[in-house]
K.L.:
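Take this structure, written in structure tokens, and hold onto it; I'll ask about it next.
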Amino acid sequence: MFLFRRSRSLTISLILLSSIIFLGLTAGILTDKDPLKTGYSQGLTPPSPQFPMGTDQLGRDVFSWTLYGIRTALFVSLVSTSLTVLISITVGLPAGYFGGKLDQLLMRVTDFFLSIPRFILIIFAVIIFGPTLTNIILILSVFSWPTIARIVRAEVLSIKEREYVQAAKVLGAGNFDIMFNEILPNVMPPVLVASALQMSDAILAEAGLSFLGLGDPNMASWGRILAIARQAIYVGGWWTLAFPSIFITITVLSVNLLADGLNDIFNPKSIR
Amino acid sequence: MQWLKEGSVLANMRQTIFLITGLKKYYMVKTGLFSKAYIKAVDGVNFHIREGETYCIVGESGSGKTTVTKMLLGLEQPTEGKIEFLGKDLAKILSNNSSAKEFRKNVQAVFQDPYSSLNPRKTVKDILEKPFKVHNSVIEEKTVVRLLEEVGLTPAKEFLPRYVHQLSGGQRQRVCIARALALKPKVVILDEPTAALDVTIKAQILNLLIDLKEKYNLTYVIISHELPLLKSIADKVSVMYAGKVVEEGPAERIFNSPKHPYTLGLLESIPPPDPKSAKSKTLPTLEGEPPSPVNPPKGCRFHPRCPYRFNLCDKLEPKEIEVFPEHRVSCHLLDKK
Amino acid sequence: MAETLLKVEDLNVEYVLREYKVNAVRNVSFYINEGECIALVGESGSGKSTVAMAVMGLLPPYAKISAKKITFDGKDILNADERLMTEIRGKDVTVIFQDPISYLNPIISVGEQIFEALMAHNPKISSNEAHAQAIELLKKVRIADPERVLKMYPFQLSGGMAQRVFIAMAISAKPKLLIADEPTTALDLTIQSQILKLLNNLRKEYNLSIILITHDLSLTSYLADRIYVMYNGQVVEEDSVEGIFSNPIHPYTKTLILSSQAIYLGEVKRLREKMATITEKVENSYTIKGCDFIRKCSNYSLECEKEPPLIECNGLKKVRCWRI
Ligand SMILES: Nc1ncnc2c1ncn2[C@@H]1O[C@H](COP(=O)(O)OP(=O)(O)OP(=O)(O)O)[C@@H](O)[C@H]1O
Ligand SMILES: Nc1ncnc2c1ncn2[C@@H]1O[C@H](COP(=O)(O)OP(=O)(O)O)[C@@H](O)[C@H]1O
Ligand code: SF4
Ligand code: SF4
Ligand SMILES: [Mg+2]
Ligand SMILES: [Mg+2]
């Protein structure tokens with residue numbers, strides 16, 4: 001409660017996110033239709049009690065597609081972001097802490113990743129390795145960690161000079177102990193903020209991939225229905241575009257608000 | 001202070017804890033794309049620290065005090081010179097895991113800033129349990145409670161779950177002292193232990209340090225720029241100026257018959273808390289600023305500020321002269337030859 | 001007798017934060033005459049800086065300020081509009097702080113910053129004139145090599161030099177009142193005495209009034225004429241410097257004096273016996289009723305549970321304690 005009072009963004013984003021997650025989790029109860037199955041209706045059908053969000057050209061139910069799409073979007077973004085954070089810490093923590101050659105090497109690698117356009121690389125990788133859910137998640141994480149790794153490293157660089165880290169050394173604490181028990185907890189706040197932003201990035205990237213036809217064909221993804229909507233819109237099928245877009249927007253917005261909210265809480269200066 | 005006469009005999013019999021010879025630390029700084037310069041933070045100092053002694057190092061900001069502490073604690077490698085701990089080379093001690101652990105147990109530290117020397121995400125309990133965890137000893141709540149009581153944080157139970165931001169400056173420094181004492185060390189190195197505290201709290205912390213020392217026969221190395229504070233606690237004082245020791249001796253000698261013009265100036269500029277004293281009306285002042293550590297003045301480093309300088313001072317570096325047993329001064333004025 | 005320059009009556013400042021309120025200053029009254037130096041002394045958090053900021057009109061917007069009266073040079077500045085305040089602030093009253101470097105703009109040279117200060121008071125000043133005046137000011141604050149310092153950037157200055165530059169800017173408009181908030185706390189002993197001397201010389205030269213804010217009572221004996229001892233947002237004792245040192249009455253003032261004297265004389269060990277009546281007691285979490293010092297005071301009795309007023313004693317002395 002205390003936290004909510006401190007940040008309006010956090011409150012709003014948590015309300016939005018929990019409703020979205022709720023809808024995603026209860027998709028199986030809210031609709032009895034299989035999102036991937038065609039032929040529920042004869043061609044494009046506008047919203048009606050039977051199809052609350054209408055159907056597409058092939059008679060797929062947009063409502064169940066949108067709900068199941070929540071699962072895909074959140075699953076892909078959550079898992080890939082967690083992986084990203086894991087890799088970032090594995091790279092950034094020792095790089096910042098030990099410095100020297102290791103640091104230089106790790107930073108060269110991140111520089112390399114940062115210097116090439118990420119989305120194009122992701123597209124190539126998906127084409128090469130094939131558009132399965134696992135591949136997409138792995139590829140998203142592998143190409144996203146450099147930004148967060150830099151944040152981790154920069155934080156570690158400043159924190160390792162604090163006197164409490166020196167005090168731990170004087171007590172005889174080992175490097176691992178110091179890195180994980182003394183430094184890591186103090187590095188986490190900015191990393192969490194960055195990873196919330198990373199998550200909204202991942203949602204958009206996954207949607208982008210499926211839009212280009214590079215999503216997992218066995219998953220109902222918002223990107224893919226938007227690709228379908230691109231054709232439907234010419235014959236007046238606005239509902240195929242509108243509902244999934246609204247959901248993407250709200251989800252991305254609420255994840256961004258989450259980042260803001262986390263920032264409010266962690267950064268004492270932003271609380272006056 | 002009659003004990004002094006026998007004291008020096010006694011002192012010689014006491015075990016040597018730290019023997020530091022010719023210690024130097026230069027930091028390289030880039031001054032341009034291809035040019036570099038050396039900051040001579042510590043430039044050839046000797047200390048002889050004996051068991052049970054309170055050895056104080058004073059000097060102005062930038063004179064190299066903290067750098068000395070860091071080298072004593074093995075947090076920085078000396079550029080040159082040698083540190084011996086109980087007769088063994090410190091570098092060797094630290095290169096071996098088990099002797100390094102033993103050293104850590106015996107030599108603890110309290111840092112200048114109680115605000116940044118405690119991890120903000122840990123409770124007092126976590127912080128005080130850490131030393132035992134690191135050395136794989138059993139932790140009993142009893143022990144931690146005793147530690148807190150030892151440093152005057154009572155009722156201890158009330159402090160255990162607190163975070164750093166829930167403590168006052170003085171309380172934080174007490175926690176730091178408790179942490180340093182946890183492993184029952186022989187030596188505690190304190191870098192400006194009271195600099196960040198209010199006057200009344202300073203006095204309390206000093207009192208605590210005196211008590212603890214008597215109780216556990218600790219050896220203290222205290223680093224400070226607040227000369228008056230040391231009067232209550234010091235046995236030996238070393239005065240540093242621009243990376244060098246200019247005067248060293250028993251505290252009583254340093255405070256009552258200082259020989260180096262810099263020590264004299266330092267003592268003079270302490271404002272007395274008494275408006276009736278003559279000094280508080282005139283407030284004698286040592287003019288000038290400490291020199292740049294990159295290009296220290298030639299000859300005696302103090303000469304640009306020295307009211308007594310003469311033709312030799314900016315040419316020749318003064319040698320160390322023993323003016324009294326254990327009391328050494330580096331100043332040409334005292335060189336009889 | 002000299003004219004009263006600043007008079008503050010019953011000043012209250014409350015910081016209203018989202019989670020809680022801090023009553024930083026309560027019923028503080030003081031005055032300062034022309035050419036006089038008063039000191040506000042107290043531990044950190046006792047509200048000294050807040051008093052200074054309130055007088056300057058520089059409190060953050062969430063601070064609620066109220067007072068019976070604040071007059072400067074005969075003008076009411078409690079209800080003054082922003083325009084008058086800006087004028088007074090730039091010209092008649094200035095402040096110097098503990099950490100001058102962080103108040104100087106890091107990317108502008110010292111010279112430029114002094115020129116700006118000069119220009120603010122005299123927009124028509126020519127650049128030659130400004131340069132000459134800047135050099136003059138730096139000489140006033142006893143900077144040895146003013147031409148070189150003008151070209152330097154704040155990060156190249158030592159703490160002592162930065163404080164001198166800051167003082168130079170503060171006196172550039174020939175102010176009547178200088179508020180010095182812990183001006184030497186971050187400085188070394190030898191630099192501290194230089195700065196104190198400098199302040200004293202400026203005071204004589206310009207007939208400057210100085211409010212010296214410090215937690216270290218020993219600084220006041222050189223510079224100050226009168227002292228206000230603050231504790232927890234209130235003035236607990238006020239008197240002339242001699243009166244405070246020779247006849248401290250409030251238990252908190254006594255602790256302050258005994259502590260600084262014990263440190264000065266190197267007798268911290270004997271301090272405990274001397275302070276037998278003013279021991280620090282265990283801090284409990286109950287809320288304070290009555291006298292603020294009650295938790296630390298072993299001289300207290302039942303009456304102390306009512307809040308003591310500032311009681312006038314003989315001479316200048318006033319004390320906020322029931323048992324005087
Ligand atoms: N890691 C470093 N890199 C470069 N220069 C350094 C480093 N540490 C210290 N110095 C420099 O070495 C000199 C001595 O510094 P040190 O911290 O030992 O001084 P000190 O006497 O402890 O001062 P203070 O009273 O301000 O704590 C200073 O000029 C400082 O700027
Ligand atoms: N900007 C601020 N916002 C909230 N509280 C503040 C602020 N400045 C000071 N305080 C609080 O007001 C009280 C008095 O502070 P201050 O005037 O800075 O004291 P001093 O200068 O004597 O150390 C303290 O409890 C402090 O925490
Ligand atoms: S050697 Fe010369 S300059 Fe140095 S302290 Fe002695 S008299 Fe002064
Ligand atoms: S009023 Fe009572 S509690 Fe307060 S200072 Fe005086 S004696 Fe102590
Ligand atoms: Mg230091
Ligand atoms: Mg203050």
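Lettering of chains follows the sequences in order, A, B, ..., and the numbering in each one begins at 1. Since the structure is predicted, the reported quantities are computational estimates derived from the model, not experimental observations.
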K.L.:
Where on B/T282 is there a heavy atom nearer than 4.5 Å to chain C: the side chain, the backbone, both, or neither?
P.N.:
backbone
K.L.:
Hey, are B/E289 and B/R305 close enough for a salt bridge, meaning a charged N less than 4.0 Å from a carboxylate O?
P.N.:
no
K.L.:
In terms of heavy-atom pairs under 4.5 Å, which option from C/L223, C/L189, C/T185, C/L219 contacts chain B the most?
P.N.:
C/L189
K.L.:
Given that the side chain runs from C-beta out, which part of C/E267 has a heavy atom under 4.5 Å from chain B: side chain, backbone, both or neither?
P.N.:
backbone
K.L.:
Give me the ring orientation class for B/Y262 and B/H260: parallel if the planes are under 30° apart, tilted from 30 to 60°, perpendicular past 60°.
P.N.:
perpendicular
K.L.:
Any sub-3.5 Å donor-acceptor pair from B/E192's side-chain atoms to B/D113's backbone N or O?
P.N.:
no
K.L.:
Hey, which of C/H215, C/Q192, C/R270 has the most heavy atom pairs under 4.5 Å with chain B?
P.N.:
C/H215
K.L.:
Distance only, no hydrogens: is a donor on one side chain within 3.5 Å (strictly under) of an acceptor on the other, for C/D216 and C/S218?
P.N.:
yes
K.L.:
Do any of residues 237-247 of chain B come closer than 4.5 Å to chain C, heavy atom to heavy atom, and if so which ones, in number order?
P.N.:
none
K.L.:
Considering only heavy atoms, which portion of B/I233 lies under 4.5 Å from any heavy atom of chain C: side chain, backbone, both, or neither?
P.N.:
neither
K.L.:
Would the number of heavy atoms belonging to other residues, nucleotides or ligands and lying under 6.0 Å from CZ of C/R142 be above 12?
P.N.:
no
K.L.:
Return yes if a side-chain donor-acceptor contact under 3.5 Å exists between C/S102 and C/D99, otherwise no.
P.N.:
yes
K.L.:
With a 6.0 Å cut-off on the ring centroids, do C/Y231 and C/H250 count as close?
P.N.:
no
K.L.:
Side chain from CB out, backbone as N, CA, C, O: work out which of these in B/K281 comes under 4.5 Å of a heavy atom of chain C, or both, or neither.
P.N.:
both
K.L.:
Of the backbone (N, CA, C, O) and the side chain (C-beta and beyond), which part of B/E287 lies under 4.5 Å from a heavy atom of chain C, both, or neither?
P.N.:
both
K.L.:
May I ask you to decide whether B/E60 forms a salt bridge with B/K65, counting only side-chain N to carboxylate O separations under 4.0 Å?
P.N.:
no
K.L.:
Please tell me whether B/T194 and B/E226 have a donor and an acceptor in their side chains that are separated by less than 3.5 angstrom.
P.N.:
yes
K.L.:
When the ring planes of C/Y103 and C/F97 are compared, do they come out parallel, tilted or perpendicular, using 30° and 60° as the limits?
P.N.:
parallel
K.L.:
Does any heavy atom of chain B fall under 4.5 Å from the side chain of C/L187, the backbone, both, or neither of them?
P.N.:
backbone
K.L.:
Heavy-atom cut-off 4.5 Å, strictly under: side chain, backbone, both or neither for B/P284 against chain C?
P.N.:
backbone
K.L.:
Using non-hydrogen atoms and a 4.5 Å limit, figure out which bit of B/I210 sits close to chain C: side chain, backbone, both or neither.
P.N.:
side chain
K.L.:
Side chain, backbone, both or neither: which part of C/L265 has a non-hydrogen atom closer than 4.5 Å to chain B?
P.N.:
backbone
K.L.:
Taking the basic N atoms (NZ, or NE/NH1/NH2) and the acidic carboxylate oxygens, is any pair closer than 4.0 Å for C/K318 and C/E237?
P.N.:
no
